[in-house]
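The structure under discussion appears below in the form of C-alpha cells.
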Number of protein chains: 2
Amino acid sequence: MGFKSVLHILGTAILTLGLSATGALAQSDPLSSWNEGKTKQAIVDFVTAVTTDGSADYVVPADRIATFDNDGTLWSEQPMYVQLAFALDRVKKTAPDHPEWKDTEPYKSVLAGDLKGLAATGEKGVLELVAVTHAGMTSDEFTKIASDWIATAKHPETGRLYTDMVYQPMLELIDYLHDNDFKVFIVSGGGIEFMRPWTEKVYGIPSERVVGSSIKTEYKVVDGEPVITRQAALNFLDDKEGKPIGILGHIGKRPIAAFGNSDGDFQMLQWTTSGDGKRFGLIVHHDDADREVAYDRKSVFGKLDKGLDDGPKLGWTIVSMKNDWKQIYPDD
Amino acid sequence: MGFKSVLHILGTAILTLGLSATGALAQSDPLSSWNEGKTKQAIVDFVTAVTTDGSADYVVPADRIATFDNDGTLWSEQPMYVQLAFALDRVKKTAPDHPEWKDTEPYKSVLAGDLKGLAATGEKGVLELVAVTHAGMTSDEFTKIASDWIATAKHPETGRLYTDMVYQPMLELIDYLHDNDFKVFIVSGGGIEFMRPWTEKVYGIPSERVVGSSIKTEYKVVDGEPVITRQAALNFLDDKEGKPIGILGHIGKRPIAAFGNSDGDFQMLQWTTSGDGKRFGLIVHHDDADREVAYDRKSVFGKLDKGLDDGPKLGWTIVSMKNDWKQIYPDD
C-alpha cells in the first residue's frame, strides 16, 4: 500500500469519526424535535435558571413540580377524546342494561351515532358519560378492560395505535424535565383510572403522578375478598377550576411549570404562573392542518380561546406546532 | 522504643480498628432500634424476598408501594391526636365568630374544656371538628398557620416538641424501605394539609406522598390573585374503608406492605395483604406503659380491637412496643 492510500484511508477514518461525533452531538440535544427559536429557547432558559445552583431563580428539586395536561397536550384529541372512543364502545356494550338511555342525553346521541348531538351536551356531558359508562365493575376489572383496549385500539383516521399518537416534542420535554430533577405530573380532565394503566410505559410517568377526573368508588368485602367497586356517580371533575384543586389535593404544592393546550388548562396555568419566583406556562396551539389538525377557538374538543388572548399577556409561551415542531409523532 | 512497646501499640491500634469495625457494623444495621426476634426478622425477610432479583417473590421497584398510618403508628396519639390539640387552639380563637357553637357538639365540649364530652362525639365528630375549624382561610395561609404551630407546640405531658415524639424504630423502617427502592406513603385519618408542611423534614416523605382527610376547597381569583380557599365542609374521610379508597385515588396501585396501629387501619391492611404475591401487614401494639402509653381495645383514640383478634389470623405481624423496640423516641 502506498503512502497516498494510507493517507486516504486515514482521512476517511477521520472524516467518519468527525461525522459520528457530529451525529452524537445532534442526538444529545434533549429537545431535538423542537426547531431552534424563541419557544425552544424559552424552555431551555427557564430550566437552566431554576436548576443553576447559585442563580437567583434556583429552585430546590423537591419544589420542581411540573404539570402536564394530557388530551391535546401530550397526545391527539381529534376527532374526539381517546377516552370518548373507548366510552362509545362501552355504551354500546352496556346499553341493553339501561333502556332509559334511549331517551336520555348524552346516551341517546351516542346510541344514534350522533356525535354532534353528543358534542352539544358539552364537555361536562362528555365527561359524565365517560364516568358513568365506566362504572359497575371493580377497579381491577376496569384496569384490565382499559389496558386491553388501549393495547389494540386505533385512531379512526390514521390507523395508528392511540399510544403512538403522542407528541414526540412533548415526550422529549418530559424527559428533559426528569433529567433536570423535576417531578412531572399529568393533570388531565380525563379519567384517572383510564390513564394510569399506560402512562408509565408511554410517558415515563408512574400512576401516583397522574391526576384526573374520577367517579365514586366503594370498598367492600365480597365472598371474603376485598374489592373496590366503581359507582355511576362523578366524584371529581379535574378541569378548569378543578385542576388547581386536583393539584393541591394530590401534590400539595403549587407547580412552577404547567403545560396545556386548551381553556380547560387556563386556571392551572394561571395558578402556576402567578406564584412567587420564576414560573413557566406553555400552551400548545394546534395550528398544523397538514401534519395534524388545525383548531382552537371554535373546537368542540380542546377549545382554546381565552388562552390565546390572555396567555401572551400573562407571559405564557405559545407553541406553534407548525413552526416549533420538527416532528409530530414518534414514528414520523 | 523497644520491640514489645511497638507490638503493644500495634496491638492496641489493631484492637481499636477491630472495635471500630464492630461499631461500624452495629451502626450499619438499618433497624438498630429493633430488638432481635421474630418481628424484626419478619420485616427483613419480607423486604429481602421482594427485592431479591430472581426470587419467586420479587417485585419490581415501581410496584413496591408501602403505606403508613400516621397517628399512633409514626408518632404519639395520646392523650389526644396532635391535630386535635391544634384544633382546640383554633376553636378557642374562632369561637367568637360562631355563637352557635356554645350549644352544638362537638364545639360545646371543646369550649367547656370537656374532652370526655368531645370524645363521646366519636372519631367522626373529632375529624369533622378538625376539618371545620381549619376553614375560612386560603390554603397558603393554613400551611403557614400549621407550620408555625408545629414548630413550637409541645406535648402536654413530656414537654417535648410533637415532632420529637415520633417513633425511632418506625423512622428506621421508613429509611430501610426507601433504601430498598420502596415508594413510601403516609395514609392517615389526619388532615392532609396539616401533615404536608412537615412530613418531608420529619419522615423524609414529600407532600405528594401524603394521603389524608380533607375539607372542600375552592379556586377563585381575588383582586387579580388566584387563591385556593378552604371550606367548612368535609371532602374526604381517609379512615377505615376510606383508606383503600384514598390509596387508590392517590397512588393507583394496591400496596404490597401496610403499617398501622388501630382498627382505622384494618381495611388498609386487609386490602394490602389480600393481594396476589408476597404481602406484609404490620400493627404497632401500644403495650408499653413505662416508656409510652398502654392502650388498645378501649381507647378513645387509636382503638385496636378487631385488629388484635383478626390480625394474627390474617398473617399480620403484631409489634409489641415493649418487647420489640429498644428505644421509643429519637432522643431517648
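Below, read A as the first sequence line, B as the second, and so on, with proteins coming before strands; counting in each chain starts at 1.
Counting heavy atoms from C-beta on, the side chains of B:Q267 and A:V221 never come closer than 4.5 Å.
Both the backbone and the side chain of B:T217 come within less than 4.5 Å of a heavy atom of chain A. Using a 4.5 Å cut-off between heavy atoms, A:V210 makes no contact with chain B at all. Looking at A:S139, the atoms closer than 4.5 Å to chain B (heavy atoms on both sides) all sit in the side chain, from C-beta outward. Interface remark: B:L248 contributes backbone and side-chain atoms alike to the contact with chain A (heavy atom separation under 4.5 Å). Only the side chain of B:D140 comes within less than 4.5 Å of a heavy atom of chain A; its backbone N, CA, C and O stay farther away. Interface residue B:E200: only side-chain heavy atoms are found under 4.5 Å from chain A. Only the backbone of A:E218 comes within contact range of chain B, judged by heavy atoms closer than 4.5 Å. Using a 4.5 Å cut-off between heavy atoms, B:P206 touches chain A through its side chain atoms alone.
Ranked by non-hydrogen atom pairs under 4.5 Å with chain A, the options B:A62, B:G275, B:G249 are led by B:G249.
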Original post:
Is there a side-chain contact (heavy atoms from CB on, under 4.5 Å) between A:M268 and B:Y219 once you walk through the steps?
Top reply: CA-CA 10 Å; A:M268 174 168 78; B:Y219 178 84; over 6 Å; no
Original post:
Given the rule in the side-chain contact (heavy atoms from CB on, under 4.5 Å) test, do B:K216 and A:I245 qualify, once you have shown the distances and angles that lead to the verdict?
Top reply: CA-CA 9 Å; B:K216 290 193 185 297; A:I245 300 293; over 6 Å; no
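Here B:E225 contributes atom CD and A:W271 contributes atom CH2; the two are 13.0 Å apart, rounded to the nearest 0.5 Å. Rounded to the nearest 0.5 Å, atoms CZ (B:R254) and CD1 (A:I228) are 7.5 Å apart.
Enclosure of atom CG in B:D276 is not indicated, since only 12 or fewer non-hydrogen atoms of other residues, nucleotides or ligands lie within 6.0 angstrom.
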For residues 180-191 of chain B, which side-chain donor-acceptor pairs fall under 3.5 Å, sequence neighbours excluded?
{"unit_1": "B:N180", "atom_1": "ND2", "unit_2": "B:Y176", "atom_2": "O", "d": "2.9"}
{"unit_1": "B:K183", "atom_1": "NZ", "unit_2": "A:E208", "atom_2": "OE2", "d": "2.6"}
{"unit_1": "B:S188", "atom_1": "OG", "unit_2": "B:G190", "atom_2": "N", "d": "2.8"}

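For the pair A:S207 (side chain) and B:I251 (backbone), a donor-acceptor distance under 3.5 Å is present.
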